[in-house]
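Right, one structure below, let's go through it.
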Amino acid sequence: MNSGSKEVKVNLGARSYKAVLGRGVIDTFPKLLGKVKSKRAFIVSDRNLVQARERLIQSLQKAGWEVHEFPKPAGERLKELDQITPLFGELLNAKANRDSTLFALGGGTIGDAAGFVAASYLRGISWVGIPTTLLAQVDSSLGGKTGINHPEGKNLIGAFHQPSLVVCETDFLSTLSKREMVSGLSEMIKYGIIYDQKLFKDIVKNQEKIISNDTHFIIPTIHKALSWKAKVVAKDEYDRKGTREALNFGHTFGHALEAATGYAYFQHGEAVLWGMRYALALSNIKKKLSLKDYEFIDGALAKIPVPPIPPGTAWEVLRKHLTKDKKVRDSKLHFVLLKRLGLAVSDSNVTEIEQVKAFDRVIRGSR
Ligand SMILES: NC(=O)c1ccc[n+]([C@@H]2O[C@H](COP(=O)([O-])OP(=O)(O)OC[C@H]3O[C@@H](n4cnc5c(N)ncnc54)[C@H](O)[C@@H]3O)[C@@H](O)[C@H]2O)c1
Ligand SMILES: [Zn+2]
């Protein structure tokens with residue numbers, strides 16, 4: 001594997017854009033913005049990121065940009081309407097106009113919230129995503145899904161608004177906790193499970209090196225995951241054709257687990273890891289996935305260090321959240337299952353008995 005910087009193109013006709021990835025890409029990326037009408041940058045940043053903010057500002061200023069920065073507390077709370085409303089006023093005060101560019105520097109919550117502001121401010125201005133968590137670099141930064149939460153559920157208010165560029169600086173990952181890295185790794189391994197055997201095996205083999213942000217291993221792995229995401233997004237930009245559905249592998253149960261534990265116990269990727277183990281169990285119970293494949297894949301996932309499902313997590317509670325899942329169609333729950341490593345299938349005929357059986361298996365694996 002080589003450790004140089006890499007690119008991924010998202011082919012969406014007039015809305016096509018690139019993601020650049022590597023060590024040091026933050027210092028030179030402004031040249032990739034090409035000819036812009038106005039070099040006025042409005043940065044929405046995670047206020048905790050001291051070095052990343054400095055490097056972004058320096059890079060833009062060096063390229064002749066006028067910089068305005070709005071540091072915000074990152075986290076799920078930012079994705080609430082009352083938290084982002086002041087930002088519109090701040091942009092108006094600073095005279096951001098339709099030719100201005102918004103830069104989102106932070107993890108997925110900053111990207112989702114700032115992307116949504118870019119989608120709606122003056123009916124939409126261009127934006128650049130600079131994801132700083134592994135989870136955001138491999139997943140949320142690509143695809144144009146922007147949005148905020150509602151008391152009724154996560155991501156219920158939003159818009160599709162593609163960025164004009166995504167910059168994945170792997171230097172930024174060096175300040176992430178091991179937990180955050182594992183959470184991102186779990187989301188990356190999903191691409192291996194549903195699309196790409198080789199990617200799955202590479203991640204399993206190099207797990208420790210990826211978690212420790214070893215450039216030589218992390219760049220090719222993020223690149224591969226991003227390439228898959230770009231391909232799927234290009235086929236189904238607005239998530240209406242079902243092409244993007246496989247990306248939900250592990251998410252039906254994962255989201256229910258996050259909700260059942262008050263969004264305070266698991267990192268997203270950790271809950272997805274349990275969700276994938278649940279989906280694998282279900283795939284085997286539904287006789288879609290052979291026992292041998294199930295044991296092979298689940299055995300590898302069991303070695304990824306995530307917190308256990310809290311004792312006392314009852315099926316009834318999860319069931320309530322599962323049925324609230326937005327993928328409920330015609331009152332039927334919709335699961336993404338696995339046929340074999342690299343091939344996902346959807347299934348809306350899973351009985352509750354089968355669901356409970358899979359839950360029991362996962363709970364046993366969690367003890
Ligand atoms: N739009 C999409 O397609 C999509 C896809 C998946 C997830 N998401 C969203 O992403 C969000 C989760 O993303 P996240 O896990 O990145 O959350 P986050 O933005 O809350 O970041 C997690 C934590 O890491 C910190 N942090 C960020 N970068 C850091 C760095 N370089 N070093 C040290 N600490 C750093 C943040 O301050 C925060 O405390 C959720 O809201 C989820 O809904 C969106
Ligand atoms: Zn996810």
Side-chain angles (χ1 to χ4, degrees), residues 46 48 73-80 106-113 131-140 147-149 151-156 173 176-191 193 203 207 210-211 225 247-282 297-298 300-327 333 335-336 355 358-367:
D46 177 337
N48 286 330
E76 217 50 49
R77 172 90 176 90
L78 182 70
K79 287 175 63 175
E80 287 174 28
T109 56
I110 292 274
D112 279 12
T132 62
T133 60
L134 182 55
L135 185 90
Q137 292 197 353
V138 296
D139 190 7
S140 62
I148 55 170
N149 302 330
E152 280 294 308
K154 274 188 67 166
N155 304 325
L156 293 180
L173 305 179
L176 283 176
S177 64
K178 181 175 175 192
R179 238 189 122 174
E180 297 276 2
M181 291 301 282
V182 169
S183 174
L185 179 123
S186 304
E187 198 81 58
M188 279 203 289
I189 210 166
K190 178 191 79 182
Y191 293 95
I193 298 175
I203 295 178
Q207 186 174 314
I210 294 169
I211 292 171
L247 298 175
N248 276 324
F249 183 71
H251 281 64
T252 305
F253 185 84
H255 283 151
L257 202 53
E258 280 182 288
T261 49
Y263 295 98
Y265 178 82
F266 285 113
Q267 306 269 5
H268 174 69
E270 295 169 345
V272 168
L273 190 105
W274 283 116
M276 292 191 290
R277 295 188 67 185
Y278 181 82
L280 289 169
L282 210 46
I297 306 165
D298 189 63
L301 296 191
K303 294 201 183 93
I304 298 175
V306 300
I309 296 173
T313 307
W315 168 250
E316 284 65 34
V317 179
L318 281 165
R319 182 176 179 269
K320 196 180 88 209
H321 290 289
L322 277 170
T323 45
K324 257 174 97 180
D325 192 278
K326 62 184 173 212
K327 284 163 287 300
L333 247 182
F335 284 98
V336 180
Q355 291 173 38
F359 177 69
D360 288 343
R361 261 202 222 181
V362 167
I363 286 292
R364 257 183 275 129
S366 173
R367 295 289 167 257

Quick one: [atom1] on [X] to [atom2] on [Y], what's the gap to the nearest 0.5 Å?
X: Thr109; Y: Ile148; atom1: OG1; atom2: CD1; value: 13.0 Å
X: Trp274; Y: Phe359; atom1: CH2; atom2: CZ; value: 11.0 Å
X: Thr132; Y: Leu176; atom1: OG1; atom2: CG; value: 7.0 Å
X: Lys79; Y: Asp112; atom1: NZ; atom2: CG; value: 3.5 Å
X: Thr261; Y: Phe266; atom1: OG1; atom2: CZ; value: 5.5 Å
X: Leu173; Y: Ile210; atom1: CG; atom2: CD1; value: 12.0 Å

Shortest non-hydrogen separation from [X] to [Y] and the atoms involved:
X: Leu318; Y: Ala260; result: CD2-CB, 4.0 Å
X: Ala74; Y: Asp46; result: CB-OD2, 3.2 Å
X: Gly269; Y: Ser186; result: O-CB, 3.3 Å
X: Asp298; Y: Arg277; result: OD1-NE, 2.9 Å
X: Leu257; Y: Ala271; result: CD2-O, 4.3 Å
X: Gly108; Y: Thr133; result: N-OG1, 4.1 Å

In the structure I gave you, are the side-chain heavy atoms of [X] and [Y] within less than 4.5 Å of one another anywhere?
X: Ile309; Y: Tyr265; result: no
X: Leu333; Y: Gln355; result: yes
X: Ile297; Y: Met276; result: no
X: Leu135; Y: Ser183; result: yes

Where the side chain of Lys190 meets the backbone of Leu247, is there a donor-acceptor pair that is under 3.5 Å apart?
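It does hold such a pair.
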
Gln267 side chain to Glu180 main-chain N or O, any donor-acceptor pair under 3.5 Å?
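No, the answer is negative, given that no donor and acceptor are paired below the 3.5 Å cut-off.
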
Side chain to side chain contact (heavy atoms under 4.5 Å, CB included) between Asp360 and Trp315, worked out
CA-CA 9 Å; Asp360 288 343; Trp315 168 250; over 6 Å; no

Chi angles and distances behind the side chain to side chain contact (heavy atoms under 4.5 Å, CB included) call for Thr252, Val336:
CA-CA 8 Å; Thr252 305; Val336 180; 5.8 Å; no

Taking only residues two or more places apart in sequence or in another chain, which ones pass salt bridge (charged side-chain N to carboxylate O under 4.0 Å, His left out) with Glu270?
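Only Arg179 meet the salt bridge (charged side-chain N to carboxylate O under 4.0 Å, His left out) criterion with Glu270.
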
Set of residues satisfying salt bridge (charged side-chain N to carboxylate O under 4.0 Å, His left out) with respect to Arg319, sequence neighbours excluded
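Expected list: Glu352.
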
The single option from Glu80, Glu76, Lys154, Arg77 passing side chain to side chain donor-acceptor pair (under 3.5 Å) against Asn149
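Looking at Glu80, Glu76, Lys154, Arg77, the match for Asn149 under the side chain to side chain donor-acceptor pair (under 3.5 Å) is Glu76.
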
Test side chain to side chain contact (heavy atoms under 4.5 Å, CB included) applied to Leu273 and Val182, step by step:
CA-CA 10 Å; Leu273 190 105; Val182 169; over 6 Å; no

When you look at His251 and His268, which way does the side chain to side chain contact (heavy atoms under 4.5 Å, CB included) test go after all the steps?
CA-CA 9 Å; His251 281 64; His268 174 69; 3.3 Å; yes

Do the rings of Phe253 and Tyr278 sit parallel, tilted or perpendicular, given the 30° and 60° boundaries?
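Parallel.
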
